[in-house]
> 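A single structure is presented below for examination.
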Amino acid sequence: MKTIIRTLLLFLFLQNAAAQTPKHEIRAVWLTTIKGLDWPHSYSAYQQKQELVRILDQLRKANINTVLVQTRVRASTIFPSTMEPWDVVMTGTAGQSPGYDALQFCIDECHKRGMECHAWIVTIPVGKWNSDGCKRMRSKFPRLIRKIGDEGYMDPEMSQTGDYLAQFCRDVTRRYDVDGIHLDYIRYPETWKLKVSREQGRRYITDIVRKIHRAVKGEKPWVKMSCSPVGKYDDLARYRSGGWNANTAVCQDAQGWLRDGLMDVLFPMMYFQGNHFYPFVVDWKEHSFGRQLAPGLAIYMLHPQEKNWNLSVIKREMNVLRNEGLGITFFRSKFLTDNVKGIYTFTKDFNQYPALIPPMTWTGRPAPSPVTTLDVRRGMTTDILSWQGARDNSGADYLLYNIYASETWPVDTRDARNLVATRLRGQSLSIPHKGHALHYAVTATDRYGNESAPKVSPHSVMRNGKSIDFRQMIIGKSGKKVQKDKNMSKKRK
């Protein structure tokens, strides 16, 4: 009987969690470029662009709002850089330009779809010892690169490593309209023979993070700093990490980085299930220090050639993360878009409505002043919205706009079900109304994610230059009912 009750309670919990679609939530994917695992699958610039557009369209339909695109691959890049060569994945020839800037293209296409684009920077590893990127690094910095097996790594114990990575991230931040700098492998390699104490090792890695943070925030303080730490921070009182954790095993004090303000967001690689997952989720949340968390889920484990997990494992994890108020990140993009075991189908239903990315409240930046004018003109098939007058108070470079729609007036902007468009750069939009009488609200959002008060449309809109009352449109075209209401109004007077 107890087992039946527990099962029933779990079912009700999961059903309730799935039903509570939040207005603010990070929904992210890692878009891997190394070896073209997620993208690109062609050496043609035209085909690369078309493929990326298809991927982003598919992600947008699942209401994914954050793309972490692998930008520094292995001391090589997907953008033109004076510091490092083009990665071989772009043309098949290391160091050869594909004829376009893939990072800029990805940023532009993400922003068109209201999605954030974060530059994913692989930090310490620099690739195979004789790869183009590693050889160039060894040529420039003969003492900086250490060989482990047939791989090269930047030495985290040399101050030059932090200086170089900070310069690289500063260059990306300055040149590109990225929403975040996402650090990967910001830790000691697992096979590194540590000759200093673990405490000293953590200080070395933290010093690198601090230098990068200073460089990025010095350019654009609204650009989010994030990393993907090992999924278990350390051993817990009741649950052991099995020797594989961030803090002790690889000297990655990710919770300390949140505490000290060096990170805005963490994307822990929580590629586990059961008691290797849930207690460690709670630990991350309890030590988030008011910052954002979007744990990474191992959807690649669903594949028969991996661990062949049942989809129910990922479903439960997604529901628990949402119930805990945390974000969700998928590793990797291709397993999602390929709909392995139905994960894409489930995600589309799970993310039934769009979500805004949570604001960086810890920065203390004021919200924008709201839109002052909102004009709605009724067309045969679309409502044409235009607005203006919002002001940025944060010192960032531009504002973004969110559109809400409802058949109820005034529009409730707290309800995610009313969100129809997010993070628009322009100040006009056409929305198909399908014959429904819709009311609208527009809010302005700054680069820190702070949202203004809404500007709500009036009861009436303009059709062919004439004012039409929404309440009459809801009643319908029956003149009798409209007239009856008018007569009742006269009687009340």
Side-chain angles (χ1 to χ4, degrees), residues 14 16-31 56-68 110-118 179-180 182 222 224 226 264-267 281 285 288 290-297 299 314-315 317-330 333 336-337 343-361 367-368 399-406 411-425 429 431 440-452 454:
L14 293 181
N16 181 62
Q20 303 303 314
T21 304
K23 176 181 168 178
H24 291 92
E25 186 175 63
I26 296 175
R27 301 168 181 173
V29 296
W30 278 289
L31 183 67
L56 296 180
D57 280 344
Q58 199 171 348
L59 295 177
R60 188 67 189 90
K61 288 175 183 176
N63 283 318
I64 299 298
N65 58 23
T66 304
V67 175
L68 311 169
C110 283
H111 287 178
K112 285 179 186 177
R113 292 160 178 79
M115 304 159 80
E116 285 197 350
C117 185
H118 296 218
D179 300 287
H182 176 65
W222 58 85
K224 295 183 180 74
S226 72
D264 299 299
V265 193
L266 289 188
F267 298 86
V281 166
K285 182 179 178 179
S288 61
R291 304 301 171 100
Q292 297 168 12
L293 291 170
L297 303 184
I299 61 171
I314 301 296
K315 286 182 177 180
E317 293 180 349
M318 290 172 67
N319 277 309
V320 167
L321 291 179
R322 176 165 289 176
N323 190 65
E324 291 294 324
L326 306 181
I328 298 167
T329 312
F330 295 117
S333 172
L336 180 64
T337 55
I343 180 59
Y344 180 79
T345 301
F346 174 76
T347 300
K348 279 185 68 177
D349 184 60
F350 187 79
N351 296 340
Q352 188 174 358
Y353 305 102
L356 300 181
I357 294 159
M360 300 163 67
T361 53
L399 287 173
L400 300 160
Y401 298 94
N402 309 308
I403 312 299
Y404 301 79
S406 173
V411 181
D412 185 357
T413 58
R414 298 166 300 177
D415 192 337
R417 293 174 297 180
N418 293 333
L419 263 175
V420 294
T422 62
R423 295 174 53 83
L424 298 174
R425 286 285 294 270
L429 184 68
I431 300 178
Y440 296 97
V442 177
T443 63
T445 302
D446 64 22
R447 299 302 301 278
Y448 297 89
N450 299 306
E451 189 177 23
S452 75

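Start at 1 with the first residue, then count along the sequence. What's counted below: heavy atoms across the whole structure, side chains too, no hydrogens, waters or symmetry copies.
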> Given C110, which partner from the list L59, V67, N65, T66 fulfils the side-chain contact (heavy atoms from CB on, under 4.5 Å) test?
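Among L59, V67, N65, T66, the one meeting side-chain contact (heavy atoms from CB on, under 4.5 Å) with C110 is V67.
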> Measure the CD1-CE distance between I299 and M318 for me, rounded to the nearest 0.5 Å.
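It is 9.0 Å, given to the nearest 0.5 Å.
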> Determine whether L399 and D446 make a side-chain contact, defined as any pair of heavy atoms from C-beta on separated by less than 4.5 Å.
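L399 vs D446: side chains touch.
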> What's the separation between atom CG in N63 and atom CZ in F350, rounded to the nearest 0.5 Å?
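Output value for this atom pair is 12.0 Å.
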> Who pairs with F330 by ring pair (Phe, Tyr, Trp, His ring centres under 6.0 Å), at least two apart in sequence or on another chain?
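Partners of F330 under the ring pair (Phe, Tyr, Trp, His ring centres under 6.0 Å) test: none.
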> What is the minimum heavy-atom distance between L321 and G327, and which atoms define it?
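The answer is CD1-O, 3.7 Å.
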> Does T347 reach the side chain of I343, with side-chain heavy atoms less than 4.5 Å apart?
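Result yes, sub-4.5 Å side-chain heavy-atom pair found.
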> So, the side chain of R113 versus the backbone of R60: is there a donor-acceptor pair under 3.5 Å, distance only?
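No: the side chain of R113 does not pair with the backbone of R60.
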> Quick check on K61: does its NZ atom have over 12 non-hydrogen neighbours (other residues, nucleotides or ligands) under 6.0 Å away?
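Incorrect, the count does not exceed 12.
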> Might you point out which heavy atoms bring A416 and P22 nearest each other, and give the distance in Å?
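The answer is CB-O, 3.7 Å.
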> For the pair R417 and D412, find out whether any cationic side-chain nitrogen is under 4.0 Å from an anionic carboxylate oxygen.
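So R417 does not pair with D412 through a salt bridge.
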> Which heavy atom of E451 sits nearest to which heavy atom of P368, and what is that distance?
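Looking at all heavy atoms of both residues, the shortest contact is C-CD, 4.1 Å.
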> To the nearest 0.5 Å, tell me how far M360 CE sits from D264 CG.
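The distance works out to 3.5 Å.
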> side-chain contact (heavy atoms from CB on, under 4.5 Å), that's the test. Do N351 and E25 meet it? Break it down for me.
CA-CA 10 Å; N351 296 340; E25 186 175 63; 4.2 Å; yes
> Would a 4.5 Å heavy-atom cut-off, applied to side chains only, mark F346 and I314 as touching?
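Result no, sub-4.5 Å side-chain heavy-atom pair not found.
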> Applying side-chain contact (heavy atoms from CB on, under 4.5 Å), name anything that partners S406, two or more places apart in sequence or on another chain.
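S406 satisfies side-chain contact (heavy atoms from CB on, under 4.5 Å) with T408, V411, N418 once adjacent residues are dropped.
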> State, with a plain yes or no, whether a side-chain heavy atom of P359 is found less than 4.5 Å away from one of H24.
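Yes; the side chains approach each other to less than 4.5 Å.
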> Would you say L68 and T329 make side-chain contact, with heavy atoms under 4.5 Å?
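They are in contact (side-chain heavy atoms under 4.5 Å apart), so the answer is yes.
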> What is the distance from atom CG of L419 to atom NZ of K23, rounded to the nearest 0.5 Å?
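Output value for this atom pair is 6.5 Å.
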> Let's go through I328 and I26 carefully: what are the C-alpha distance in whole Å and the side-chain angles of both, what is the deciding distance for side-chain contact (heavy atoms from CB on, under 4.5 Å) to 0.1 Å, and is it a yes or a no?
CA-CA 6 Å; I328 298 167; I26 296 175; over 6 Å; no
> Locate the shortest heavy-atom distance separating R27 from R322; write the atom from each residue and the value.
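Where R27 meets R322 most closely, the heavy atoms are NH2-NH2, 3.5 Å.
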> Are Q352 and T21 linked by a side-chain donor-acceptor pair shorter than 3.5 Å?
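No, T21 and Q352 have no side-chain donor paired with an acceptor closer than 3.5 Å.
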> Relative to each other, are the rings of F267 and H118 parallel, tilted or perpendicular (30° and 60° limits)?
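Judged by the thresholds at 30° and 60°, the geometry between F267 and H118 is perpendicular.
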> How close do M115 and D179 get, counting heavy atoms only, and between which atoms?
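Looks like O-OD2, 4.4 Å.
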> Hey, what do you get for CG (L266) to CD (Q292), rounding to the nearest 0.5 Å?
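Rounded to the nearest 0.5 Å, the CG-CD separation comes to 10.0 Å.
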> Calculate, to the nearest 0.5 Å, the distance between atoms CG and CG belonging to N402 and L356 respectively.
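N402 atom CG to L356 atom CG measures 4.5 Å (nearest 0.5 Å).
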> Test of understanding: with salt bridge (charged side-chain N to carboxylate O under 4.0 Å, His left out), list the residues that count as partners of E116, not counting sequence neighbours.
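Scan of E116 (salt bridge (charged side-chain N to carboxylate O under 4.0 Å, His left out), adjacent residues dropped) gives K224, R423.
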> Would you check if H182 and W30 make a side-chain contact, meaning some heavy-atom pair closer than 4.5 Å?
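SC-SC contact between H182 and W30 confirmed.
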> What's the shortest heavy-atom distance between P454 and T443, and which atoms?
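Looks like CA-CG2, 3.6 Å.
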> Keeping S452 on the side-chain end and A444 on the backbone end, is there a donor-acceptor pair under 3.5 Å?
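Present.
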